Number of protein chains: 2
Amino acid sequence: MRLLDIITKKRDGKTLDASEINALVQAYTMNNLPDYQMAAWLMAVYLNGMIYQETAALTLAMAESGDKMDLSSVPGIKVDKHSTGGVADTTTLVLGPLVAAAGIPVAKMSGRGLGFTGGTIDKLEAIPGFKIALTQANFIENIKKHGMALTSQNSMIAPADGKMYALRDVTATVESIPLIASSIMSKKIAAGADKILLDVKVGSGAFMKDIKSAVELASTMVEIGRLVERDTIAILTNMDEPLGDAIGNSLEVQEAIDVLKGGGPGNLRHVCLVLGSYMLKLAGHTESLDEGYQILRDLLENGSALEKFKEFIIAQGGNPAIVENNNLLPQAKYKITVKSNIDGYIEKIDAAKIGYVAMILGAGREFKEQEIDLAAGMVLKCRVGDKIECGQQLAIIHANDQDKISVAIKIIQEALTFCSQQIQPTKLILGIVDKNGYKSF
Amino acid sequence: MRLLDIITKKRDGKTLDASEINALVQAYTMNNLPDYQMAAWLMAVYLNGMIYQETAALTLAMAESGDKMDLSSVPGIKVDKHSTGGVADTTTLVLGPLVAAAGIPVAKMSGRGLGFTGGTIDKLEAIPGFKIALTQANFIENIKKHGMALTSQNSMIAPADGKMYALRDVTATVESIPLIASSIMSKKIAAGADKILLDVKVGSGAFMKDIKSAVELASTMVEIGRLVERDTIAILTNMDEPLGDAIGNSLEVQEAIDVLKGGGPGNLRHVCLVLGSYMLKLAGHTESLDEGYQILRDLLENGSALEKFKEFIIAQGGNPAIVENNNLLPQAKYKITVKSNIDGYIEKIDAAKIGYVAMILGAGREFKEQEIDLAAGMVLKCRVGDKIECGQQLAIIHANDQDKISVAIKIIQEALTFCSQQIQPTKLILGIVDKNGYKSF
């Protein structure tokens, strides 16, 4: 079959078999399929969709397109956690050492961010001396020795996905559930995950704006996991309001340390404990979620998780003193307090707008290869449901570029909605998608 | 608006305005829009369609993308005829001199063919000495002096269409009614047509296999014509059976001469007279179709059309003696008669299969830039409805490549279906689409 016939078949709404999808992905990876043909195919997929079997075949084809991390020498079940991305989402920085402290091997490959703030790799670069790129040998050695390692995703992991993502970005084919799902899952599989826990964010600050599309994305990824024999569970969590209080790379590292010390914002802490308890169960470490939740809460409170974080920083060349002294992390030149000019209750904190503020302050990238400002960002001083008095502080802006401050203040004020009566805080954990389907909480 | 937003808008099924379509086509023509973005847009158009206003805007944008033929110095209404292509369709070679003999200026720009046989330009190259490329000045001078000129379409006429067609060919986006319609109409408009007569072929040997899709294509082109203020009429004609008897470049020139001499196959002659009578009416030369039909029939019978053909050949450097002596046209080495091995009536002559035979004998191109064999092809010796006796000749194959003959015979035999009872001949002129919509005949 000619490659053009494969494009025609998808154009006509027919189902492609695995060999056809493989042929297309292999040809594209080897530069034997021109961008314009892949672009036509991607638009046909966007408009005609793919069934789960096709999406799973695409996932495997992309996972097999380059190097794969071989974690077979690391004992135990390797559970990878992935978040679809949100505002003040510091869960990876907390969950890594927390779960490792519980004895679960953590082998994490992360990327840089595009959008509101940096990715986990960007955040860790805020730690002086921290090395984000490990050789495969060092990576595996560190997991064996310290129970945890984290490295940047190199271009040889699922290169087909990298090439296709770049093309989707410029051909209006990003927002396709089968393409998003296969992109995420291919990288997890190439990175060597045995089981996968997905944190699918839902709301204004997330890629999926409503529960329906989030369930569709989650179901697709769980089905891919079943078809490629990697147990996958997706937890749907709220992203209408920022998850933590800190948005910005250095600021989020500080907030992760607060949580690892047993404190930090309650929402962030709770989501970390819930996701962690699913990871423990997936790893076969615990029977029940409650048991895992208690184990992890104890590890936060008795300092074990924090110790694991320090051990991890030392193993990758970073300065562990940042844990005791925040000032060793990059600090912004200007810290401006935004205060309320009215009395009332916080009804809404628009996560998308708050994320946008962080990005224009320099914490995130508008386009690839852009330099980010590790110190820039903001810290929220209020949550939905809080009673606020006129003059009370709402947020603190951390900026190095003075020119951005006034527009940041303006957007923060727009992001906050007040009401006159006390309201219920928003629900945090919305539901789960596993092999039994979707269940709302 | 960014070009990517225009792709997104069509992807989402929204209607583009003329300025958006212009921006896209201009950028593509100037190489400021990469092929992969145009490919994504074309697939979105293929799957989501375009309304008439969008298709008309695309037509104008492509027509304006390069040079335009300025025929304003030629007196009279310039009516251009275009056939969507079929097997043994020699109408252009007949209609040009026939209509010119009636006093209508014929300014024809033609292309090379891809498929069953060559295009009009290929066919004319069979005439020794004939120059197919004229300068604009010579072209206009010849029309003024001889009432007729024909030149090959150069790459500066609607270059956006040329570039987009090449991309459609390799991205599975050819068979889209708005894209086909705008491609045809843009070239006619750039070539300077005041009014346009379309011969939309319907049947196995045509691009449009059924009346429904033919009416859709015809209606789209007639609507484009209305929106861009070029009166357009489409006649739907049968292409289940080859139109004439000759298929092949040199052979079709011989057959056109037969018609111009007042003879030739009845079907070809009738279609030429019908199309010509519409051209005379569009040009304001006659009040009624019957009047035009009679004028043109007289011009065939009194030799005026043949004289005009000779004048046209001489004006473009060709040898007019071919009109009297067929042997001056390229002749094939082998002439093989295919005979019937049964008695019966011809029920069907599959035009697609007959066209395919001509192509494999070398009369047409399977891919661009392919050399064609001007002498190769075949002449049918039977029509649907004919009573045939065993041993009677069915066709004569004209071949230079001996190796192709046996497969040609096999396919000709497959193309012919016999039955035991006399049947009605097929309907030739199926209907019309004009400003009043579709009317079946």
Side-chain angles (χ1 to χ4, degrees), chain A residues 1-16 20-21 23-24 27-29 31-50 114 160 162-180 207 209 213 366-368, chain B residues 1-16 20-21 23-24 27-29 31-50 114 160 162-180 207 209 213 366-368:
Chain A
M1 182 171 245
R2 296 181 313 152
L3 295 171
L4 187 59
D5 295 334
I6 300 174
I7 302 169
T8 305
K9 202 169 165 187
K10 181 42 68 187
R11 178 199 76 186
D12 294 343
K14 293 180 187 139
T15 300
L16 299 176
E20 291 166 331
I21 289 172
L24 206 72
Y28 191 56
T29 311
N31 298 320
N32 292 329
L33 182 82
D35 281 337
Y36 54 79
Q37 290 193 318
M38 182 52 92
W41 185 77
L42 288 168
M43 185 57 85
V45 168
Y46 186 103
L47 291 170
N48 286 337
M50 291 205 291
L114 191 62
K163 206 176 164 198
M164 282 166 72
Y165 191 87
L167 186 62
R168 285 166 57 203
D169 203 34
V170 292
T171 54
T173 51
V174 168
E175 304 91 341
S176 153
I177 299 244
L179 296 177
I180 296 167
F207 203 64
K209 304 294 178 201
S213 58
E366 268 184 283
F367 52 88
K368 269 177 241 173
Chain B
M1 182 172 243
R2 295 180 314 151
L3 296 171
L4 187 58
D5 295 333
I6 300 173
I7 302 169
T8 306
K9 202 170 165 187
K10 183 41 69 188
R11 177 198 77 188
D12 294 343
K14 292 180 188 139
T15 300
L16 298 175
E20 291 165 332
I21 289 172
L24 206 71
Y28 190 56
T29 312
N31 298 319
N32 291 329
L33 183 82
D35 281 338
Y36 54 79
Q37 290 193 318
M38 183 51 92
W41 185 77
L42 289 168
M43 185 58 83
V45 168
Y46 185 102
L47 291 170
N48 286 336
M50 290 205 292
L114 191 63
K163 206 176 164 197
M164 282 166 73
Y165 191 87
L167 185 62
R168 284 165 58 203
D169 203 34
V170 292
T171 53
T173 50
V174 168
E175 303 91 342
S176 154
I177 299 246
L179 295 177
I180 296 168
F207 203 66
K209 305 293 178 201
S213 57
E366 269 185 283
F367 52 89
K368 267 176 242 173

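Letters A, B, ... mirror the listed sequences (proteins, then strands); counts begin at 1. Hydrogens, waters and symmetry mates play no part in the numbers below; they use all other heavy atoms, side chains included. All of these numbers come straight from a predicted model, not from anything done at the bench.
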[X] to [Y] - nearest heavy-atom pair and separation:
| X | Y | answer |
| --- | --- | --- |
| B:Ala44 | A:Met43 | N-CG, 3.7 Å |
| B:Val170 | A:Leu4 | O-CD1, 3.3 Å |
| A:Ala23 | A:Ile6 | CB-CD1, 4.4 Å |

Greatest number of non-hydrogen atom pairs under 4.5 angstrom with chain A, of B:Ala40, B:Gly13, B:Ala39, falls to B:Ala40
Which donor-acceptor pairs sit under 3.5 Å apart between chain A and chain B?
| residue | atom | partner | partner atom | Å |
| --- | --- | --- | --- | --- |
| A:Arg11 | NE | B:Tyr46 | OH | 3.2 |
| A:Arg11 | NH1 | B:Ala172 | O | 2.7 |
| A:Arg11 | NH1 | B:Glu175 | OE1 | 3.2 |
| A:Arg11 | NH2 | B:Tyr46 | OH | 3.3 |
| A:Gln37 | NE2 | B:Val170 | O | 2.6 |
| A:Tyr46 | OH | B:Arg11 | NE | 3.1 |
| A:Tyr46 | OH | B:Arg11 | NH2 | 3.2 |
| A:Val170 | O | B:Gln37 | NE2 | 2.6 |
| A:Ala172 | O | B:Arg11 | NH1 | 2.7 |
| A:Glu175 | OE1 | B:Arg11 | NH1 | 3.2 |

When rounded to the nearest 0.5 Å, the distance separating CG of B:Leu179 from CE of B:Met164 is 6.0 Å
Interatomic distance, CG@A:Leu33 vs CD1@A:Ile7, rounded to 0.5 Å, equals 6.0 Å
